[in-house]
2 protein chains.
Amino acid sequence: MTSIREEITEKIRDELVAGKFQAGLALREAELAERYGVSRGPIRDAFLQLSQEGFLAYQVNKGVTVRHPLIGEDREFISSIRVQIELYVVGKGFDNLDEEGLAQIAESLKVLEVACESGEVAAIAKADMAFHEALLIACGGEDHVHYWRQVCSRMLLTYTRLGSYKASYQEHVKIYKALKSKMKDVALAAINSNVT
Amino acid sequence: MTSIREEITEKIRDELVAGKFQAGLALREAELAERYGVSRGPIRDAFLQLSQEGFLAYQVNKGVTVRHPLIGEDREFISSIRVQIELYVVGKGFDNLDEEGLAQIAESLKVLEVACESGEVAAIAKADMAFHEALLIACGGEDHVHYWRQVCSRMLLTYTRLGSYKASYQEHVKIYKALKSKMKDVALAAINSNVT
DNA sequence: GGGTTTAAGATTGTTAACAAGAGTTAGGGT
DNA sequence: ACCCTAACTCTTGTTAACAATCTTAAACCC
């Protein structure tokens with residue numbers, strides 16, 4: 001039960017992550033409205049939300065432009081913030097983790113596996129983020145997901161894995177297995193070393 | 001210059017910070033639209049944005065409710081994240097600080113002084129945040145303001161100063177003076193000890 | 001009486017028309 | 001040739017009507 005607004009937001013976000021719009025480009029409401037076959041309303045909502053998430057830069061009466069991805073020092077700093085949030089939420093809520101939560105994480109892991117095999121960077125980035133989000137929610141971190149998401153989102157624009165995608169998948173398997181066998185310290189260590 | 005949407009967002013945010021809506025309360029679009037004398041459009045936009053900022057919880061087809069303030073351990077964690085962001089941005093952009101930026105900070109400081117003298121908690125909380133935002137922007141941290149704001153926002157709902165408001169103001173004066181005299185280490189130390 | 005179904009009311013989601021602002025080009029003056 | 005102005009065009013901002021969804025309360029059956 002999702003609204004058009006949410007669908008549109010996700011579609012545009014996917015296109016941004018996939019690099020279909022180059023940085024600095026101005027997006028027009030009418031153009032995207034026609035492309036997706038909806039009115040400008042949901043497009044405007046999506047622009048607003050994606051601006052909040054850090055993908056787009058918004059200016060009154062002038063619309064939105066695609067922001068440049070985070071690089072270098074800034075990216076590393078954000079990455080450290082992200083890890084801190086995950087460690088905090090999982091560390092605090094580890095005991096809240098139930099069967100249903102684990103199942104959600106397992107499902108995300110499956111999606112990530114498929115994405116890694118396909119080799120499509122955009123799909124992998126999305127699945128990677130979805131895995132971590134499932135992890136946070138399963139640990140009762142709903143309160144923290146909002147800003148975690150904002151912190152992560154722009155990193156997706158430069159999702160580059162030094163190693164192979166298979167290695168990325170394996171890292172996540174390691175996290176999942178530690179969670180399943182209730183080994184808190186192992187799980188936290190695995191999360192900490194899961195640098196993207 | 002500023003749109004109705006922005007004005008409305010700010011007004012509702014102020015009311016939230018001032019505690020005029022109790023936690024858990026459901027806000028109705030039509031009611032606020034009538035109260036502010038505008039249509040539902042800008043109200044919806046404001047709800048969306050304030051949900052992103054963490055003040056409101058949004059559910060599809062069911063509207064928004066006022067979120068509960070962060071307390072205890074969570075609040076301290078968020079507070080530490082906030083300080084890290086400020087230290088990073090100021091540390092990195094200290095040399096970019098120009099006369100205009102300093103002037104903006106000075107102005108925010110003046111507003112904070114007036115607010116502290118008035119003793120109104122909501123006004124003080126707002127001015128406090130505005131000071132730090134001016135600081136970040138002056139140090140070239142526009143890229144980071146978005147998530148910083150989200151990290152801070154919910155803390156405003158429980159703005160409580162252990163000491164007097166005058167002490168709060170003095171802490172900010174200390175930060176400003178260090179910036180003005182280009183003493184980077186002193187400034188960072190002052191920011192670090194400015195716990196709210 | 002308890003529980004389920006159904007219809008009425010209230011609320012949010014979406015759309016299209018209208019208003020307002022920014023950008024651009026053509027025209028006139030110097 | 002240059003600059004300023006004014007009209008035009010394009011884009012975003014706002015509004016009000018319409019559609020879809022959820023909530024409620026009453027009617028109904030068992």
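Within every chain, numbering begins at 1; the chains are lettered A, B, ... in the order of the sequence lines, protein sequences first and strands thereafter.
- Comparing atom distances between the A:Val38 side chain and each of C:dG13, D:dG13, C:dT15 picks out C:dT15 as nearest.
- For A:Ser39, the listed nucleotide lying nearest its side chain is C:dA16; candidates were C:dA16, D:dA16, D:dG13.
- Heavy atoms of A:Arg5 sit under 4.0 angstrom from primed sugar atoms or phosphate atoms, though from no base atom.
- Residues from residues 24-33 of chain A placing a heavy atom under 4.0 Å of any atom in DNA chain D, listed by number, are A:Leu27, A:Arg28, A:Glu29.
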Please list every donor-acceptor pair under 3.5 Å in which a side-chain atom of residues 112-119 of chain B meets a protein atom from a residue at least two apart or in another chain.
from, atom 1, to, atom 2, distance (Å)
B:Glu113, OE1, B:Tyr169, OH, 3.4
B:Ser118, OG, B:Ala115, O, 2.7
B:Ser118, OG, B:Glu120, N, 3.2

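- The residue A:Gly41 sits close to a base: some heavy atom pair falls under 4.0 Å.
- Judged as a salt bridge (Lys or Arg N to Asp or Glu O under 4.0 Å), the pairs with a partner in residues 60-70 of chain A (not counting sequence neighbours) are, in order, A:Arg67-B:Asp143.
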Run the numbers on A:Glu86 and A:His132 for side chain to side chain donor-acceptor pair (under 3.5 Å), then give the verdict.
CA-CA 8 Å; A:Glu86 293 185 14; A:His132 289 269; 2.9 Å; yes

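- For residues 174-189 of chain A, no residue pair satisfies the salt bridge (Lys or Arg N to Asp or Glu O under 4.0 Å) rule, not counting sequence neighbours.
- Listed by residue number, the members of residues 44-57 of chain A with any heavy atom below 4.0 angstrom from DNA chain D are A:Arg44.
- Across the protein-nucleic acid pair, B:Ile4 atom CD1 and D:dT12 atom P stand 18 Å apart, rounded to whole Å.
- By the 30° and 60° cut-offs, the orientation of the rings of A:Phe77 relative to B:His144 is perpendicular.
- The CZ-P distance, from A:Arg40 to D:dT12, rounds to 7 Å in whole Å.
- Note: NZ (A:Lys62) to P (D:dC10) measures 19 Å, nearest angstrom.
- Every side chain to side chain donor-acceptor pair (under 3.5 Å) that A:Lys126 has, sequence neighbours left out, goes to A:Glu10, A:Asp14.
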